[in-house]
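Input: a single structure, listed below in structure tokens.
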Amino acid sequence: MAAFARLKALVKELPRTEIVTSSEDYLHAVCRTPRNFADDVEFRLHPEEGVIHVRSASRFGIGDIGVNRERVEAIRRRLQAT
């Protein structure tokens, strides 16, 4: 699916982000906040459903003041614009 390849390219360009695992249908990256907290973001392609599932979560604390949601929404907007 071409959208998944574009998604991988977009994630690779994110600042303070390291791709940990990448395969044909899965992507796991670690994003660091300016204060060096680590957030995990994962994507799983389901071509038969025509969707990409996403999970983004902080490794530390009980709240992230919306940082992970905003990151995912920014990726979604950029993916739709390409």
Side-chain angles (χ1 to χ4, degrees):
M1 184 179 207
F4 201 66
R6 290 193 318 268
L7 172 69
K8 287 181 181 182
L10 290 174
V11 171
K12 189 176 182 178
E13 295 174 0
L14 292 175
R16 299 177 308 278
T17 299
E18 175 188 358
I19 294 178
V20 178
T21 305
S22 178
S23 70
E24 199 172 284
D25 64 350
Y26 177 75
L27 178 67
H28 172 219
V30 175
C31 303
R32 298 246 173 224
T33 67
R35 292 185 167 193
N36 207 32
F37 291 110
D39 296 340
D40 290 295
V41 61
E42 298 175 279
F43 302 90
R44 172 77 67 184
L45 171 65
H46 286 272
E48 61 281 348
E49 298 174 22
V51 298
I52 300 171
H53 295 282
V54 62
R55 175 189 169 275
S56 186
S58 298
R59 289 185 181 178
F60 180 78
I62 57 172
D64 68 354
I65 60 172
V67 172
N68 282 289
R69 181 181 182 97
E70 178 53 39
R71 179 184 299 116
V72 170
E73 289 299 319
I75 292 169
R76 182 187 58 78
R77 286 189 302 269
R78 289 186 63 196
L79 188 60
Q80 287 179 331
T82 61

Dump the intermediate steps for side chain to side chain contact (heavy atoms under 4.5 Å, CB included) on V30 and D39, then the final yes or no. CA-CA 6 Å; V30 175; D39 296 340; over 6 Å; no

Treat each ILVMFWY residue as a node, draw an edge where side-chain heavy atoms are under 4.5 Å apart, and state whether L79 and I19 are in one component. yes

Do F4 and V72 belong together in a cluster built from hydrophobic side chains that touch within less than 4.5 Å? yes

For D40 and R59: C-alpha separation, side-chain torsions, deciding distance, then whether salt bridge (charged side-chain N to carboxylate O under 4.0 Å, His left out) applies. CA-CA 7 Å; D40 290 295; R59 289 185 181 178; 2.9 Å; yes

If the condition is side-chain contact (heavy atoms from CB on, under 4.5 Å), which residues does Y26 pass it with, not counting sequence neighbours? T21, S23, H28, E42, R44

Sequence neighbours excluded, which residues qualify as side-chain contact (heavy atoms from CB on, under 4.5 Å) partners of A9? none

Do the non-hydrogen side-chain atoms of [X] and [Y] ever get within less than 4.5 Å of each other?
X: L14; Y: I75; answer: yes
X: F43; Y: V11; answer: yes
X: S56; Y: R69; answer: no

How are the rings of F37 and F60 set relative to one another: parallel (under 30°), tilted (30 to 60°) or perpendicular (over 60°)? parallel

Do S58 and N68 get their side chains close enough for a donor-acceptor pair, meaning under 3.5 Å? yes

Would E13 and K8 pass as an ion pair if we require N to O under 4.0 Å? no

Can you tell me how far CZ of R32 sits from OG1 of T17, rounded to the nearest 0.5 angstrom? 10.5 Å

Are there over 12 heavy-atom neighbours, none belonging to E49, within less than 6.0 Å of that residue's CD? yes

